[in-house]
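Just so it is clear, the structure is predicted and the values come from calculations on it, not from any experiment. Labels below follow one simple rule: chain letters A, B, ... track the order of the sequence lines, proteins then strands, and each chain is numbered from 1.
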Protein chains: 2
Amino acid sequence: MANIHDVARVAGVSISTVSYALSGKRPIGEKTRLRIDEAVRELDYMPNAAGRMLGGTRTRIFALTAPLRNDTYAPAHMAFVLAVVTAARAHDYDVLLLTEDEATGGLRRVSSSRLVDGIIVLDVSVNDERADLVRSLGVPAALIGVPGNAEGLVCVDLDFEAAAALAVDRLVDAGHTSLALLGHPRAVYERGSNFPMRFRDGFLARAAERGVPAVFTMVEKDSPQIRAALGGVLDGAPGGAEGAATDSVHRGATGGVHNGAPGSAHAPTGIVVHAEEGVHKVILEEIAHRGLSIPADLSVIAGVPTFDTSSFTPALDSIPLIPVDSCVRAVELAVQQLDGTVEPRVELVAPKYRDHGSVAAPRPGS
Amino acid sequence: MANIHDVARVAGVSISTVSYALSGKRPIGEKTRLRIDEAVRELDYMPNAAGRMLGGTRTRIFALTAPLRNDTYAPAHMAFVLAVVTAARAHDYDVLLLTEDEATGGLRRVSSSRLVDGIIVLDVSVNDERADLVRSLGVPAALIGVPGNAEGLVCVDLDFEAAAALAVDRLVDAGHTSLALLGHPRAVYERGSNFPMRFRDGFLARAAERGVPAVFTMVEKDSPQIRAALGGVLDGAPGGAEGAATDSVHRGATGGVHNGAPGSAHAPTGIVVHAEEGVHKVILEEIAHRGLSIPADLSVIAGVPTFDTSSFTPALDSIPLIPVDSCVRAVELAVQQLDGTVEPRVELVAPKYRDHGSVAAPRPGS
DNA sequence: CGACATCGTCTAAACGTTTCGACGACCGGT
DNA sequence: ACCGGTCGTCGAAACGTTTAGACGATGTCG
């Protein structure tokens, strides 16, 4: 296998000239460059990676830490991994894959052996030990998702408030005059998870701005409670067996509490669901079971699902977390940390709306 | 960040002594080793990866090329990737992830820049350009799956014949006296795909050995034809609208052709399905639709599914391609190629049976 | 016509390992 | 007492780059 010395010899120059010619870091004479190019082609020269790492200041490798939690939706997860690899390649970076069991040990190893220039952290959870580790390692890193303590870290995530606002806008624009948000289980909000709260706040705030009454309900994970919560919302009052509506916040246009009577004319016709896949499915079942059809009777939007809503029956409009968008940005930020210093921050990616036909004008009678 | 010189200085020895102490490649005095260990701990020394690659003969990195074809079942795919990474780590190897769009270019790049010591090729198809590339690169490599031309390559795959035989044994042991195999579409066999054919052959051969009549039918992908094929098999004769049974091969215990009359007492009660996920689902629907229950009326085994059969209704016994088994072996073979030379070969992994309760004794009356 | 920047190239010093060969110390066998 | 062998250690040469510094040659501007 040819090395840079061979190229230099064939081209009749010194190795540094070859190096400069290839990197372009110093001007090289026209004829010389041509001779070098020719030699490179003739010898099929490709710089040795180890030599490059050692001599240069970069390894051109990023570590990607991607836990495979059992609650992960595999296709989405794969899409993220793929997106990171693709984005990294666009910057001439390769990606070293670290898995769950190696999470902290692996990060320590690859960073203190200087095998990687930086770290991309996928699927960040609220209390993610990798966040603290990355901070303490002081290695360039970009997290996709925001940990509980994001101080000193570079994070990328969807703009949840904007996503919620977008959902509200779509529904209001379609003519809906009463909205509901079915959220995560109570525990999620109490744990202080970032996004569910930001989504909720964005939802209520934009509804208030648009002058439309909106109700927010937390939804537990088991089917009866899901059905009860939906019932409570649709009936405009505590209706579920579990009294799920005690978890509800009703707000009028001015932000005040609004209590609809059962069967009230103000029952929401625009529903946003910000929950997990299973919850969506049960809700769809229950809606069908009640003889309501989407979007004729009810318009439904899936808020920031990490799964595929197009295979639901019916398919749901959604505002998904788009892998490519956040991964591209995360890689960019990682690369930028290597030269100019990027100050720590949480960077929000603009939401995009995926139309699958589950939103329409409300039935005139309602 | 401490380097080997620092360790040597603190321990009061030369760097080569440190290196030998850490690698164990030469005997080192007791006290000296202790001093070195102490210095390593004190300085939190970890060898620089680039230095190691350059000085040594290994990079301690494998490339993993994993296409993400759209017909891939994501959870299985992820399981393979995970299994490779885990297996590699057990040999102190890291894994560099190459994706589809980089398939050949990436392989060329990482191997000729000597960034990796070897290549693990996942999800190998019959005509896989990566197979030829790997052969021509002459880099240590292990393929999981067998390409059309496996000459000169090291491959690992499930033992499909043994898997089929295992399925037959289970059914015959349970008391079934007439079996059927529902296979892939005709085109798959005509294309010369290795495993479907080997599975079929193993199935028919073992059935003959056990003295049980068996019928094999190719099944196209669209629902009506799937139903027709199943109908043809269950009715023991051409029964499907499409005449699907013309694709059938009926064999008696001696290997001769056996033509059951419609509704014959010899209609198969033990069914093996070696096809894709969608086909399985339609078959299960059709079985339910005919008022047959599993395993009371019919015993069904999924042959080498790459997807999860435990979520089917009912769950199906299966003989899956187990990621960990093949990946562990592939990594082992890759590692072995680095020192002792491993001669090219196709290595078959023994099948394992996953019981989900879809096989039982046939109804006495049948 | 000097002063001075710029261009093009080279020499040489890193970068951090591994590993070969050498060498003294010590041991057992003759 | 001598020889061969193993043990423990060291010095030095790789491995293949990048890059700072030096140095003529060439061009520009006063």
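Put simply, A:N48 has no side-chain N or O that comes within less than 4.0 Å of OP1 or OP2 on D:dT17. Taking side-chain N and O atoms only, B:T17 has a distance below 4.0 Å to OP1 or OP2 of D:dC10. Taking side-chain N and O atoms only, A:K25 has a distance below 4.0 Å to OP1 or OP2 of D:dT19. For the pair B:S19 and C:dT18, the criterion of a side-chain N or O lying under 4.0 Å from OP1 or OP2 is met.
Side-chain N/O atoms of A:R26 and base N/O atoms of D:dT19 include no donor-acceptor pair closer than 3.5 Å. One donor-acceptor pair, N or O on each side, does fall under 3.5 Å between the base of C:dT11 and the side chain of A:S16. Applying the 3.5 Å distance criterion, the base of C:dC20 shares a donor-acceptor pair with the side chain of B:Y20. Within 3.5 Å, no donor on the side chain of B:R52 pairs with an acceptor on the base of C:dT18, nor the reverse.
To the nearest angstrom, P of D:dG16 lies 13 Å from CZ of A:R9. Atom CE in A:M53 sits about 14 Å away from atom C1' in C:dT17, given to the nearest Å. Distance B:R58 CZ to D:dC15 C1': 16 Å, rounded to the nearest Å. Between the C1' atom of D:dT17 and the NE2 atom of A:H5 lies a distance of 9 Å, rounded to the nearest Å. Taking atom CZ of B:R33 as the reference point, atom C1' of D:dT9 lies 14 Å away to the nearest angstrom. The distance from atom CG of B:L54 to atom P of D:dA13 is 17 Å, rounded to the nearest whole Å. Counting to the nearest Å, the P atom of D:dG8 and the CZ atom of B:R35 are 13 Å from each other. Rounded to an integer number of Å, the gap from B:I28 CD1 to D:dT6 P is 17 Å.
Residue B:L143 is tested with B:V121, B:V346, B:I119 for a side chain to side chain contact (heavy atoms under 4.5 Å, CB included); the sole match is B:V121.
Between the side chain of A:N3 and the backbone N or O of A:D6, at least one donor-acceptor pair lies under 3.5 Å. Formation of a donor-acceptor pair under 3.5 Å by the B:H77 side chain with backbone atoms of B:P67 is found in this model. A donor-acceptor pair under 3.5 Å is formed between the side chain of B:S326 and the backbone N or O of B:I322.
Comparing A:G29 and B:I15 by the nucleotide of DNA chain C that holds the closest heavy atom to each, the one mapping nearer the 5' end is A:G29. With DNA chain D read from its 5' end, the first of the two nearest nucleotides for B:K31 and A:A2 is the one closest to B:K31.
Of all nucleotides listed (D:dG16, C:dT17, C:dT9), D:dG16 comes nearest to the side chain of A:N3.
Counting only heavy atoms from C-beta outward, the side chains of A:F195 and A:D157 approach each other to under 4.5 Å.
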